[in-house]
Amino acid sequence: MPRKRKLVPDSDDKGQNSRISKTPTVEHQDGKGDACFAVSKYFGDEKMKPFRLGPDFFNQPCIGLAKSFLGQILVRKLPDGRELRGRIVETEAYLGGEDEASHSANGKRTGRNVAMFMPAGTMYVYQIYGIYFCLNISSQGEGAAVLLRSLEPLQGLDTMRHLRNLRRKEKGKALKDWELCNGPSKLCQALAINKSFDRRDLASDGEAWLERGPDVLTAQAVVAAARIGINYAGEWARKPLRFYIKGNKCVSVVDKAVEREAL
DNA sequence: AGAGGGATCTTCT
DNA sequence: GAAGATCCCTCTC
């Protein structure tokens, strides 16, 4: 008997349109390198085999790409063959040129940010505060890119937890599943993404790629809010260029005011 | 639940 | 020399 897949939230969902909103149903074991097994387990049916997203997906305007990322699945293949998977639940659009919050504001092009000017689908990984990394994907548009802010962990949670704990104190509180990738630098830690990925192509890379997720999101399932940590950017700091899946537990910052307004 | 501060170092001025 | 698209721990209410 084929498993039924829910594509659109039920009407009584009350905004809890996500898999980890209340009760996590994610896999809790590592995929030990057997990709086919792990994938078929999550996707269930043969006809819906994971579909790797290619150049056409990435080659779209920045805001559209930022929204299109939601629900898609980021995959990281480690050197030992293990595959880690997370569903993208929060992104930010950085438009380049006019966008004062963008590293490429006013056309600024430096050694650090050249990846933002490379073809759509190029990864831009930069180090922040000397210790953390953030992952962006370049989009259509000069100097434009999308920051990935959080993932809902799906596969390889034990490995993610181990990678995240490398930097934490022994005495610290144990990480919940939903805390593994709920921030731009947390997801880089959990997926072992560092500067070596900078300027590489997410559409063709062998160690990181994107798969089409099973869910189709309705417009009401997506919240558009102000971006985080860019208060220096004046009016651009307030523009609704952050997008997240409403009700998802793994979103790093929830904007209650915006969500109220949407009703 | 929220505020505050330290860590830590590359990048660009 | 200063700032930064963050995270985590500690303290307080």
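Order of the sequence lines fixes the chain letters, A, B, ..., with proteins taken first and strands second; residue numbering starts at 1 for each chain.
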query = Dot-bracket for DNA chain B, 5' to 3', counting Watson-Crick or G-U wobble pairs under 3.5 Å, with [ ] for crossing pairs and | for inter-strand pairs?
reply = |||||||.||||.
ask   = Between A/Arg200 and A/Glu207, is there a salt bridge with N-O shorter than 4.0 Å?
value =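 Counted as a salt bridge, because a side-chain N and a carboxylate O are separated by less than 4.0 Å.
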request  = May I ask you to say whether A/Arg149 pairs ionically with A/Glu92, meaning some side-chain N is under 4.0 Å from a carboxylate O?
outcome  =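 So A/Arg149 pairs with A/Glu92 through a salt bridge.
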Are any side-chain N or O atoms of [X] and backbone N or O atoms of [Y], one a donor and one an acceptor, separated by less than 3.5 Å?
X	Y	value
A/Asp215	A/Leu217	no
A/Lys246	A/Gln220	yes
A/Gln72	A/Gly213	yes
A/Ser102	A/Tyr94	no
A/Asn136	A/Met116	no
A/Arg85	A/Ile73	no

Are there any protein N/O atoms within less than 3.5 Å of an N/O atom in nucleotides 11-13 of chain B, and if so, which ones and at what distance?
unit_1 : atom_1 : unit_2   : atom_2 : d
B/dC12 : OP1    : A/Thr110 : OG1    : 2.1
B/dC12 : OP1    : A/Gly111 : N      : 3.3
B/dC12 : OP1    : A/Arg112 : N      : 3.1

inquiry  = Under 4.0 Å, counting only non-hydrogen atoms across every strand here, what does A/Arg168 touch: a base, just sugar-phosphate, or nothing?
reply    =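 Sugar-phosphate only.
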inquiry  = Categorize A/Gln127 for me: base, sugar-phosphate, or nothing, with a 4.0 angstrom heavy-atom threshold over every strand shown.
reply    =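 Sugar-phosphate, backbone atoms only, no base.
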inquiry  = Quick check, does A/Tyr94 stack with C/dA5? I mean ring centres under 5.5 Å and planes off by under 30°.
reply    =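 A/Tyr94 vs C/dA5: stacking yes.
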Whole-Å gap separating [atom2] ([N]) and [atom1] ([X]):
X	N	atom1	atom2	value
A/His103	C/dA3	NE2	P	15 Å
A/Ile131	B/dC9	CD1	C1'	8 Å
A/Tyr124	C/dA5	OH	P	9 Å

Can you check nucleotides 1-6 of chain B for protein contacts, nitrogen or oxygen pairs under 3.5 Å, and list what you find?
none

query = For A/Tyr126 and A/Tyr132, what are the C-alpha separation, side-chain angles and deciding distance, and is it a ring pair (Phe, Tyr, Trp, His ring centres under 6.0 Å)?
reply = CA-CA 8 Å; A/Tyr126 69 92; A/Tyr132 301 113; over 10 Å; no
Side-chain donor/acceptor contact of A/Tyr129 with base of C/dA3 under 3.5 Å =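 Per atom types, no contact qualifies.
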request  = Ignoring backbone atoms, test whether A/Lys173 places a side-chain nitrogen or oxygen under 4.0 Å from the OP1 or OP2 oxygen of C/dC8.
outcome  =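 For C/dC8, neither OP1 nor OP2 has a side-chain N or O of A/Lys173 closer than 4.0 Å.
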inquiry  = Does a side-chain N or O of A/Arg242 approach OP1 or OP2 of C/dA5 to a distance below 4.0 Å, or not?
reply    =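 For C/dA5, OP1/OP2 do not have a side-chain N/O of A/Arg242 under 4.0 Å.
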